[in-house]
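Worksheet: the structure to be examined is printed underneath.
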There are 2 protein chains.
Amino acid sequence: MMDQKQEMYEFVNRGDEHYMAHISIDSVIFGFHANQLKVLLVKIRHDDRWALPGGFVRKEETMEEAADRVLRERTGLNNIFLRQFHVFSDIHRSNTEKFLELMRSEGIEVKKNNWLTQRFISVGFYALVNYEDAIPSSNWDSEVCEWFDLQNVGELILDHNKIIESALETMRRQLNFQPIGYNLLPEKFTMPELQRLYETILGKTLDRRNFQRKMLGYGILDRLEERRKGGAHKAPYLYKFNLEQYQKALKEGLQGGW
Amino acid sequence: MMDQKQEMYEFVNRGDEHYMAHISIDSVIFGFHANQLKVLLVKIRHDDRWALPGGFVRKEETMEEAADRVLRERTGLNNIFLRQFHVFSDIHRSNTEKFLELMRSEGIEVKKNNWLTQRFISVGFYALVNYEDAIPSSNWDSEVCEWFDLQNVGELILDHNKIIESALETMRRQLNFQPIGYNLLPEKFTMPELQRLYETILGKTLDRRNFQRKMLGYGILDRLEERRKGGAHKAPYLYKFNLEQYQKALKEGLQGGW
DNA sequence: TTATCAATGTGTTTTACTGACACAATGATA
DNA sequence: TATCATTGTGTCAGTAAAACACATTGATAA
């Protein structure tokens, strides 16, 4: 078994044997917990800042498979909702100087024209995971991996703030066409929880009563007999998505704007 | 001035000095004419089939700049509506054998590990052009370049049929958020023409009277005093987009579904 | 010259949906 | 046991959508 430094050396100096040059993926992994939309970030070594989990594309992988692999490595989850949404290809989006500095800090020699010092274009993906199920995990190229409140991500490296913004906008537009509620919420949830999710994604408040009427009108929710106990107030009903009806409704798009 | 064969030789054997390996763009260039949605295609040399206009990405270009350059080369048009919509990265989407066969036909020597024999992922773009203004032009790597009715493109090379389908679906989803009518129609147009455009994109017929009421309700059209003469029937009014109002309305999205 | 006819311009009616709002029920806490 | 924030349910007016009818126009054909 290789140690961490050797693993890094191999990747830096021989990665181009297995990975495609110039092409990377970055994933905005969303979760929802305590009425907050969360994003999974990783801490860069020798840098105060955080970054989106990302990775490179093996020569025998599609972009989707690469994104799926990165997601699995970071959350332990399989078969997760994952969609590409934009290609980021600004000329100066990579930062070769930072990379070389990091390698110096790690004591790793980098030869001229190393594949990682060249320009990378990155395909942005967004993933929707059940917060409870995900187990944030770091690896050899990141110190820490943890959830952040969306409003609280601070300044990230490179164009990663822009990528998150773009992912959020995509999700907003696709709210009526993708099973976003289903993938972000646990199996059972309350109507207020679903509403908070919608409000967070849309960035505006919605009328509680109209929201419920419209949601139930779609016929995609099954109300359970249980209620959520433990809150300081009236116990709300629990709901489940009726997956069959949900899928059917999404094909045409849920009708009406927010 | 290089002749055509020499130009091709240079591109094939030294293109990797100027272009990025593994990355290409393909553009679905839409036009609208005679109540038909059109797509611009190019004819492949030594092959019966047609293809989407595409190209490679210069080392100093963004994806958008590359797509813009290709569009300019094929239509003569500048400053055109152009949006990326999906990355196509299937492992076997390239066809190295076909490429080598083509090179043999042209009598061009291809060395082992030539950059063009490697895997390419392609970023799909769609463009909306004014049919009247575009001047379809071929170049050294394509025999012919011309418009096809969307329903009539036949079997294209590689995954290009799939790319068109994906572009059309994207356009359908973005109909209320992008100035699609403005970019596809000439400056002056009639309400029935606008309706045919919507119907073609959506793939369904719309009620004439409801369409007009809704369209005018947006306040994005100015009716002119002129009418379109020459038809066999009652002469319809001509309209223009009120660009200022249109842009403003698109920011929030045109309300209501189709 | 005039009747024809397909296509356009302009309504109306009915129904469904949205937005704004009011009040009763619940259940932990004080 | 009273309090109170939160949830469950209902109403009403205004708006938008779907379905539909009739008059107008202008080239074409009789």
Side-chain angles (χ1 to χ4, degrees), chain A residues 34-36 175-176 181 185-186 188-200 202-240 249 252-258, chain B residues 34-36 172 175-177 181 185-186 188-200 202-240 245 249-250 252-258:
Chain A
N35 281 337
Q36 286 286 331
L175 198 50
N176 283 356
L185 291 172
K188 301 173 182 181
F189 53 89
T190 67
M191 191 61 73
E193 284 166 358
L194 183 59
Q195 185 180 341
R196 300 293 166 262
L197 174 57
Y198 269 67
E199 289 179 334
T200 312
L202 295 167
K204 64 179 175 189
T205 57
L206 301 169
D207 183 279
R208 187 172 64 82
R209 295 151 288 188
N210 295 335
F211 179 82
Q212 161 142 332
R213 173 156 40 98
K214 190 164 178 175
M215 238 349 153
L216 293 178
Y218 291 139
I220 59 176
L221 297 180
D222 292 336
R223 184 155 93 178
L224 310 178
E225 289 311 310
E226 301 172 73
R227 287 158 179 266
R228 164 95 70 230
K229 306 281 184 182
H233 306 290
K234 180 171 181 177
Y237 284 106
L238 287 170
Y239 291 85
K240 268 168 112 167
E252 296 299 307
L254 300 176
Q255 293 310 306
W258 298 101
Chain B
N35 281 337
Q36 286 286 330
R172 203 173 289 153
L175 197 51
N176 282 357
F177 299 90
L185 291 171
K188 301 172 182 182
F189 53 90
T190 68
M191 191 61 74
E193 285 166 356
L194 182 60
Q195 186 181 338
R196 299 293 166 262
L197 174 58
Y198 269 66
E199 290 179 332
T200 312
L202 295 168
K204 65 180 176 189
T205 57
L206 301 169
D207 183 279
R208 189 170 63 83
R209 294 151 289 188
N210 294 335
F211 179 83
Q212 160 142 330
R213 173 155 35 86
K214 190 164 176 175
M215 236 354 151
L216 293 178
Y218 291 139
I220 59 175
L221 297 179
D222 292 337
R223 184 156 93 176
L224 310 178
E225 289 311 311
E226 302 170 72
R227 287 160 179 264
R228 164 93 73 230
K229 306 283 185 180
H233 305 289
K234 181 172 180 178
Y237 282 107
L238 288 170
Y239 292 85
K240 269 168 111 166
Q245 292 299 111
L250 289 174
E252 296 298 308
L254 300 176
Q255 293 310 307
W258 297 101

**Report entry** Non-neighbouring partners of B:Tyr218 that pass side-chain hydrogen bond (donor to acceptor under 3.5 Å, both in side chains), sequence neighbours left out
**Finding:** none
**Report entry** With A:Gln36 via side-chain contact (heavy atoms from CB on, under 4.5 Å) - residues at least two apart
**Finding:** A:Lys38, A:Asp149, A:Gln151
Requested in this report: Describe the nucleic acid contact of A:Arg223 in one word from base, sugar-phosphate, nothing, applying a heavy-atom distance below 4.0 Å.
Outcome: sugar-phosphate
Could I get a table of every N or O pair under 3.5 Å where one atom is in the protein and the other is in nucleotides 26-30 of chain C?
none

Query - Within 6.0 Å of NZ in B:Lys240, more than 12 heavy atoms from elsewhere - result: no
Requested in this report: Could you list the residues that satisfy side-chain contact (heavy atoms from CB on, under 4.5 Å) with B:Asp222, not counting sequence neighbours?
Outcome: B:Asn242
Query raised in the report: Residues in side-chain hydrogen bond (donor to acceptor under 3.5 Å, both in side chains) with B:Glu226, at least two apart?
Result: B:Lys188
Report task. Anything under 4.0 Å to a heavy atom of chain B counts; send over the first and last such nucleotide of DNA chain D, read 5' to 3'. Result -> D:dA17 to D:dA27
**Report entry** Spacing of A:Phe211 atom CZ relative to C:dC17 atom C1', expressed in whole Å
**Finding:** 17 Å
Query raised in the report: Among pairs that include at least one residue of residues 227-236 of chain B, which meet side chain to side chain donor-acceptor pair (under 3.5 Å), considering only residues two or more places apart or in two chains?
Result: B:Glu193-B:Arg228, B:Arg227-B:Tyr237
Requested in this report: Could you tell me the separation between the CG atom of B:Leu175 and the CH2 atom of B:Trp258, rounded to the nearest 0.5 Å?
Outcome: 7.0 Å
Query raised in the report: Partners of A:Gln195 by side-chain hydrogen bond (donor to acceptor under 3.5 Å, both in side chains), sequence neighbours excluded?
Result: A:Glu199
Query raised in the report: Taking five pairs at each end of the helix from C:dT1-D:dA30 to C:dA30-D:dT1, what angle separates the two helix axes (nearest 10°)?
Result: 0°
Query raised in the report: B:Arg172: what forms a side-chain contact (heavy atoms from CB on, under 4.5 Å) with it, not counting sequence neighbours?
Result: B:Leu168, B:Ile201, B:Leu202
Report summary line: Across all chains, not counting sequence neighbours, the salt bridge (charged side-chain N to carboxylate O under 4.0 Å, His left out) partners of A:Arg209 are A:Asp207
Report task. On DNA chain C, check which nucleotide each of A:Arg208 and B:Glu193 is closest to and give me the residue with the more 5' one. Result -> B:Glu193
Query - Point-to-point distance, once rounded to the nearest 0.5 Å, from CG of B:Leu238 to CE of B:Met191 - result: 11.0 Å
Report task. May I have the distance from A:Leu216 (atom CG) to C:dC17 (atom C1'), rounded to whole angstrom? Result -> 15 Å
Query raised in the report: Heavy atoms, side chains only, cut-off 4.5 Å: are A:Gln212 and A:Leu216 in contact?
Result: yes
Please list, pair by pair, any protein nitrogen or oxygen found under 3.5 Å from a nitrogen or oxygen in nucleotides 18-20 of chain C.
| residue | atom | partner | partner atom | Å |
| --- | --- | --- | --- | --- |
| C:dG19 | N7 | A:Asn210 | OD1 | 3.4 |
| C:dG19 | N7 | A:Asn210 | ND2 | 3.4 |
| C:dG19 | N7 | A:Arg213 | NH2 | 3.4 |
| C:dG19 | O6 | A:Arg213 | NH2 | 3.0 |
| C:dA20 | N7 | A:Asn210 | ND2 | 3.1 |
| C:dA20 | N6 | A:Asn210 | OD1 | 3.3 |
| C:dA20 | N6 | A:Arg213 | NH2 | 3.4 |

